K.L.:
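Below are the structure tokens for one structure; questions will follow.
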Amino acid sequence: MFKEYKHLEIEKLTNEIIIYWEKKNFFKKKKKKDIYIIYEGPPSSNGSPGIHHILPITIKDLFCRYKTLKGKKVKRKAGWDTHGLPVELVVEKELGITKNDIGKKISIFKFNTKCKEAVMRYYNEWLKLSKKIGYWIDLEKQYFTFKTKYIETIWWLLKNFHNKNLLYKGYKIQPYSPAAGTGLSSHELNFPGGYKKITDLTIIVKFKCIKNTLPKELKKITGEIYFLTWTTTPWTLPSNTALTVGKNIDYVIISTYNPYSFLKINIILAKKLVKKVLSKNFYYVNSKKELKKIKKNKIPYLILNGFKGYKLIGSNYEQLINWFSPYKEKEKAFKIISSDIVTKKNGTGIVHISPTFGEEDFFLSKKKDIPPMLILDKNKIPVPLVDMEGKFIKETPYGFSGKYVKNEYYSDKNRPAKSVDLEIALYLKNINKVFKIEKYIHSYPHCWRTKKPILYYPLNSWFIKTSFFKEKMLKLNNSINWTPKSTGKKKFGFWLKNINDWNLSRSRFWGIPLPIWRTKKGDEERVIGSIKELINEIEKSVKEGLMSYNPLKNFIIGNMSDKNYDSIDLHKHNLDKIILISNYKKPMIRESDIIDVWFDSGAMPYAQLHYPFEKKFLIEKKIMFPADFICEGVDQTRGWFFTLHAISCMLFNSISFKNVISNGLVLDEKGKKMSKSRGNTINPFKIIKKYGPDTIRWYLISNSSPWENIKFNIKIIEKIKQKLFGTLYNVYYFFYIYAKIDNFKLKEKKILLKKRPFIDKWILSELNSLIKKTDYYYHNYEPTKVVRKIENFVIENLSNWYLRLSRKRFWKENYTTNKISAYQTLYICLSTIYKISSPIAPFVMENFYKNLNFYLKKKSFESVHLSDFPQYNIKAINKNLELKMRLAKKITSMIFSLRKKEKLKVRQPLKRALIVINTNNFKFNKFLNLLKREVNIKQIKFFSKNKLSSVTKQEIKVNYKLLGPKFGKVVTLIYKKINNLTIENIKKIETKNFLRLNINDRKICLSKTNVFISTVYLKGWSALCNYGITVAIDTTISDTLKKEGFSRELINRIQNIRKFFNYKITDKIYLYIEKSFFIDKILKLNEHFLCEETLTSELIVINHLKNGIFSFIEKNKIKILLKKKE
RNA sequence: AGUCUCGUAGCUCAGUUGGUGAGAGCGCUACACUGAUAAUGUAGAGGCCAGCGGUUCAAAUCCGCUCGAGACUACCA
């Protein structure tokens, strides 16, 4: 039932509403019309939810609620991303183990069980948050990525990729920790302390050109020519197979001497880097003669020629360290190629490429068809020159065999004095191939567990050929409505343009296993696309004796019940035991990796429906696909946004979401990222409890656009609670008080708009404009603009203006049409505000709406969330009226301002005010009474400026927009001239519509539209001019006015006493006043007015009043006594 | 290091396709108003629109560079 809160107690009402919703189950009472689909970006339930999760949740929820109001059936399935590294790391920490212990100290089964437990723990936290923040989401059919049905869809998708030849096994250079024996994800590299500044030995080496492959102008130079190349990883030099230059970078060939051997050489390097490389002992000369003067510490160099990088492309050089050669296509190696990775900042402008130990090198060599330095081992399997432990392979000559390539890999005891890098440098120096040896400080990633530097190492992985679909993905991206635009066009677009193949493999445990079985040699493989297929294959295997029994035999093929599906578990611990048989009767074992969790989440549109095993039509008839809307943080651009897009483009030739908001981040008050290490995180539950969910929701949406980062500021949250919700409460409470007195229950016929007072017409016009605007902004995914419009309407228009001016209508009159109109108007305003605000503040608005309608006994409206979004009535919108009211407000402010200047209290009535408005033909007649009452002035007159020309001055200004393009610099001269025009000349423009000017002997004719003419002030009046309005007040106060002023003072004293004694606003009183000359004077003219205002039924003036209350009006002492009339 | 986003009053933010006195709310100070009053009104203080340069008759707005914040990507040799 209706409750009268003394103050708005958000926490209390929130809890009540939560219970109310649960009891009535409104979430399920959805209307059935068009479907609106939102995909839940599965929150990875691998950690407790934080304050930053509230932002996307709020955005998602508000659009769901909005669309529901608009009559859509909103599909919003909850989903949970359950796999992945972070969960595994949590569990490792809890168990005190490392990756290497899994499968040894603890079984994979146990480990995975623990992971599942951890996930479910966080899941409960998430549920709690959803409930507390008012996130309505369908939990009944929620999906979990670890469920068998989900996995089966993923397998089906992968099989499809395989069938289309888009799934392949290859190797990719990945961060690898030899000390831990494991590959690292980029996530792990970014752990605190991952990147460390280290000092590396760097060398500049000389690659000898094969002269006849050089361009003509270089061929003719006498003597050997070398490419100078710089490297921070000398140990990769034996694996060098190419050098790269920048196409448009300027290079020079220089004749000089080797600083170690002092032998004459010709070197090639980037022009800009000459001074850096040839520093210290070198000096520049410009003749061959000077070049001959060489001393030990003074080596001359002479620039022989200059050319662009592209000239060198295709030239060959001699292998620097010829210990090994690539096992295939070696004729394509040792070539100059070009790429844009070359910069002019470091090194020599020529970059050494080792495709086996650099990610960029790898991609580049693939693109340019350069073979990697792989050799065949005993088993004829191609391997790189460094093994998995980080050692040079056995076959390496010159004592390098079996040495760790990084000194840090040795234990402290066994660490040699010379690192491999140094030894290689010395080796090259001995054979005269080094030009320079230096030290270099740079940041390098380290394994977070072993603290040792990582290697970039070729690891076997399964890939999806995403690069093949680059163009399609770019094209389809254009049809997605991104908010903000830049994320889609730039961030996402650029990312797609540089797309590489998607590495699916993860050498971990808790995830969806790759459904790929292979023979040892890798010559036969089978990709499993369904459980049915797997069971059939196992049966074959059992028949042939490869397996003793079928571990999935309890599964009933074709039975889609959850019970059947939950009876089996398709995780690694079970799947690894399965051995299948190939067509040629060879055993096949499963590829041991699991799938990148991003594939899990990108596949959610299909996997959440168990496509294509159940309800195929939902996808194929495009009922549940693509989504109308998704929303996640910008950091998901390369994450979920990409994986969704990639899978749908490649397999379904479609986008997977039509509208997307990529929201910004929630930072702390100072704009710093929230993190546990900084200690600036905020517990979402605490903050919700303290300020209420709606306050937080409103704050996050109103403060700045969702895509902007937000600095979480408690003070502003407090303000929203006070100012917006407080005002709303006040307005509601006001309505309630009087509606109760008058027993207003919305029973009367709706009063026609044209029969309502103009102030009602005005607020209804504003209201309809508001509906129109908010609907538009909601529709365009701009919630911030929605709430700002609502705030402005509630605070400025409804509360501070409409209600203030209408108060007397509720308070004074009998139950007239005017009053009913006021009630009806206020009711519709409130009810509309609640509806259009409910998506953002679901609890508070529900509470208001419920109370408003319960009081009116309109039970058909149980919940604001089941109502319809209001339709705006175009006929009710009157822009002219809105503009006039804005001016009226402005005029009121100006009059108050004048009163202040003249020290005239508002209680003191004034004789008259004059107003001049520049805009012509503006009829303010209807506003007069309203204005008069508000500013307490007896007479207000509006004048057109012409009539008042004797007392006003006209000011003239240049219309730059028109004159600027026409006259250019002359505009400033025109401005000067015009500024000094006489009043007569200004008037001439007004009457003749043009004016001739002489500027620099040039005759210029200005038309009226070329200038702005405005009125400035009135002589002899207290006046103010602003916004094209001039306002003046007559400051003379007659005796009558003075008395009336006193009477208002007296009323004020009486009202204060009434209030002090807690009289009800409807209580009538007997008023006793002690007789005095002053009192007589006041009462003479104003007695009736006074009684009316103070609900005095009888006024008694007594000579000597006992027990009265003293008060002062100016210096006059008065004594009053009030008695309530029973 | 690169890419993207952002930088307007003490704080949070507006500022349309460039058009010329740079705005609002909060906070602060003073005064007023008040039968919805922890509200409201008026006035005051507070800004080289991050900095520098350019385009233009005209720049907070467009372009370039620098500085600062954040995100993403990174052994750029």
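Lettering follows sequence order; numbering is per chain, from 1. It should be emphasised that the depicted structure is a prediction, and the values quoted were computed from it without experimental measurement. No hydrogens, no waters, no symmetry mates; every other heavy atom, side chains included, goes into these values.
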K.L.:
Need the pair for B:A69. Rule: Watson-Crick or G-U wobble, both distances under 3.5 Å, any strand; none if unpaired.
P.N.:
B:U5
K.L.:
Between B:C48 and B:G7, how far apart are the two C1' atoms, rounded to whole Å?
P.N.:
15 Å
K.L.:
Using the P atom as the reference point in each nucleotide, state the distance between B:G21 and B:U40 in Å, no decimals.
P.N.:
32 Å
K.L.:
For residues 351-360 of chain A, run the donor-acceptor check on the side chains, cut-off 3.5 Å, and write out each pair with its distance to 0.1 Å, sequence neighbours left out.
P.N.:
| residue | atom | partner | partner atom | Å |
| --- | --- | --- | --- | --- |
| A:His352 | ND1 | A:Asn240 | ND2 | 2.7 |
| A:His352 | NE2 | A:Thr236 | OG1 | 2.9 |

K.L.:
Using a cut-off of less than 4.0 Å, is there contact between a side-chain N or O of A:Lys723 and OP1 or OP2 of B:C26?
P.N.:
yes
K.L.:
Examine B:C13: is either OP1 or OP2 under 4.0 Å from a nitrogen or oxygen in the side chain of A:Ser704? Give yes or no.
P.N.:
yes
K.L.:
Could you tell me whether the side chains of A:Thr232 and A:Thr202 share a donor-acceptor contact shorter than 3.5 Å?
P.N.:
no
K.L.:
Give me the distance, rounded to whole Å, that separates B:A59 from B:U8 when you measure between the C1' atoms they each carry.
P.N.:
14 Å
K.L.:
Is a side-chain donor-acceptor pair under 3.5 Å present for A:Asn797 with A:Lys889?
P.N.:
yes
K.L.:
Is the phosphate of B:U40 approached by A:Asn800 (side-chain N or O, under 4.0 Å from OP1 or OP2)?
P.N.:
no
K.L.:
Relative to the 5' end of RNA chain B, which residue comes earlier, A:Asn1056 or A:Thr229, by the nucleotide with the nearest heavy atom?
P.N.:
A:Asn1056
K.L.:
Rounded off to whole Å, could you give me the CD-to-C1' distance for the A:Glu796 and B:A24 pair?
P.N.:
9 Å
K.L.:
What's the closest nucleotide to the side chain of A:Lys491 if the choices are B:C4, B:C76, B:U12?
P.N.:
B:C4
K.L.:
On RNA chain B, nearest-nucleotide positions of A:Phe494 versus A:Gln722: which is more 5'?
P.N.:
A:Phe494
K.L.:
What's the CG-P distance between A:Leu826 and B:A36, to the nearest Å?
P.N.:
13 Å
K.L.:
Heavy atoms only, 4.0 Å cut-off, all strands: where does A:Lys711 land among base, sugar-phosphate and nothing?
P.N.:
sugar-phosphate
K.L.:
Between B:C76, B:U40, B:A74, which one does the side chain of A:Arg804 approach most closely?
P.N.:
B:U40
K.L.:
Answer with yes or no whether A:Ser799 presents, from its side chain, a donor or acceptor under 3.5 Å of a partner atom in the base of B:A39.
P.N.:
no
K.L.:
Taking the P atom in each of B:U16 and B:C76, what is the distance between them to the nearest angstrom?
P.N.:
40 Å
K.L.:
Taking A:Tyr802 for its side chain and A:Glu796 for its backbone only, find out whether a donor-acceptor pair lies under 3.5 Å.
P.N.:
no
K.L.:
Tell me: NZ of A:Lys367 to C1' of B:C76, nearest whole Å?
P.N.:
14 Å
K.L.:
Counting just side-chain N and O atoms, does A:Arg788 come under 4.0 Å of either OP1 or OP2 of B:C13?
P.N.:
no
K.L.:
Which one is paired to B:A39, where only Watson-Crick or G-U wobble pairs with both distances under 3.5 angstrom count?
P.N.:
none
K.L.:
Name the one of A:Phe735, A:Tyr736, A:Phe734 that satisfies side chain to side chain contact (heavy atoms under 4.5 Å, CB included) with A:Tyr738?
P.N.:
A:Phe734
K.L.:
Are A:Lys719 and B:G27 close enough that a side-chain N or O sits under 4.0 Å from OP1 or OP2?
P.N.:
yes
K.L.:
What about A:Arg807: does its side chain form a donor-acceptor pair under 3.5 Å with the base of B:U37?
P.N.:
yes
K.L.:
B:A36, B:G27, B:U12: which one has an atom nearest the side-chain heavy atoms of A:Ile716?
P.N.:
B:U12
K.L.:
Figure out the CG/P separation between A:Asn780 and B:U16, and round it to whole Å.
P.N.:
18 Å
K.L.:
Using the C1' atom as the point on both nucleotides, what is the distance between B:C63 and B:G44, in whole Å?
P.N.:
40 Å
K.L.:
State which of B:A14, B:C26, B:U42 makes the closest approach to the side chain of A:Ser893.
P.N.:
B:U42
K.L.:
A:Tyr736 side chain N/O closer than 4.0 Å to the phosphate oxygens (OP1, OP2) of B:A36?
P.N.:
no
K.L.:
What is the distance from CG of A:Leu805 to C1' of B:A36, rounded to the nearest Å?
P.N.:
14 Å
K.L.:
Could you state the atom-to-atom distance from CG of A:Asn500 to P of B:U73 in whole Å?
P.N.:
13 Å
K.L.:
Are A:Lys719 and A:Tyr699 in a cation-pi contact, defined as NZ or CZ under 6.0 Å from the six-membered ring centre and within 45° of the axis?
P.N.:
no
K.L.:
Can you tell me, in whole Å, how much space there is between the P of B:C28 and that of B:G51?
P.N.:
29 Å
K.L.:
Using purine N1 to pyrimidine N3 plus N6-O4 or O6-N4 for Watson-Crick, or N1-O2 and O6-N3 for G-U wobble, each under 3.5 Å, what pairs with B:G23?
P.N.:
B:C13
K.L.:
Pick base, sugar-phosphate or nothing for A:Glu708, based on heavy-atom distances below 4.0 Å to the nucleic acid.
P.N.:
sugar-phosphate
K.L.:
Given the C1' atoms of B:A39 and B:C33, what is the spacing between them in whole Å?
P.N.:
11 Å
K.L.:
Would you indicate what A:Gly358 reaches in the nucleic acid, counting non-hydrogen atoms under 4.0 angstrom: base, sugar-phosphate, or nothing?
P.N.:
base
K.L.:
Heavy-atom distance under 4.5 Å between the side chains of A:Pro706 and A:Pro783, does that happen here?
P.N.:
yes
K.L.:
Does B:C62 pair with anything, Watson-Crick or G-U wobble, both distances under 3.5 Å, and if so, with which nucleotide?
P.N.:
B:G54
K.L.:
Suppose you measure atom P in B:G18 against the same atom in B:A58; what distance do you get, rounded to whole Å?
P.N.:
15 Å
K.L.:
Just call it for A:Tyr444: base, sugar-phosphate, or nothing, with non-hydrogen atoms closer than 4.0 Å on any strand.
P.N.:
base
K.L.:
Regarding A:Ile795, tell me which of base, sugar-phosphate or nothing describes its non-hydrogen contacts under 4.0 Å with the strands shown.
P.N.:
nothing
K.L.:
Calculate the interatomic distance between A:Ile173 atom CD1 and B:A74 atom P; express it in whole Å.
P.N.:
14 Å
K.L.:
For A:Ser365 and A:Phe362, indicate whether the former's side chain and the latter's backbone hold a donor-acceptor pair under 3.5 Å.
P.N.:
yes
K.L.:
Just to be sure I understand the rule, does A:Asn1052 reach a base, reach only the sugar-phosphate, or reach nothing, if contact means heavy atoms closer than 4.0 Å?
P.N.:
sugar-phosphate
K.L.:
Please state how far atom NZ in A:Lys490 lies from atom C1' in B:U5, giving the value in whole angstrom units.
P.N.:
9 Å
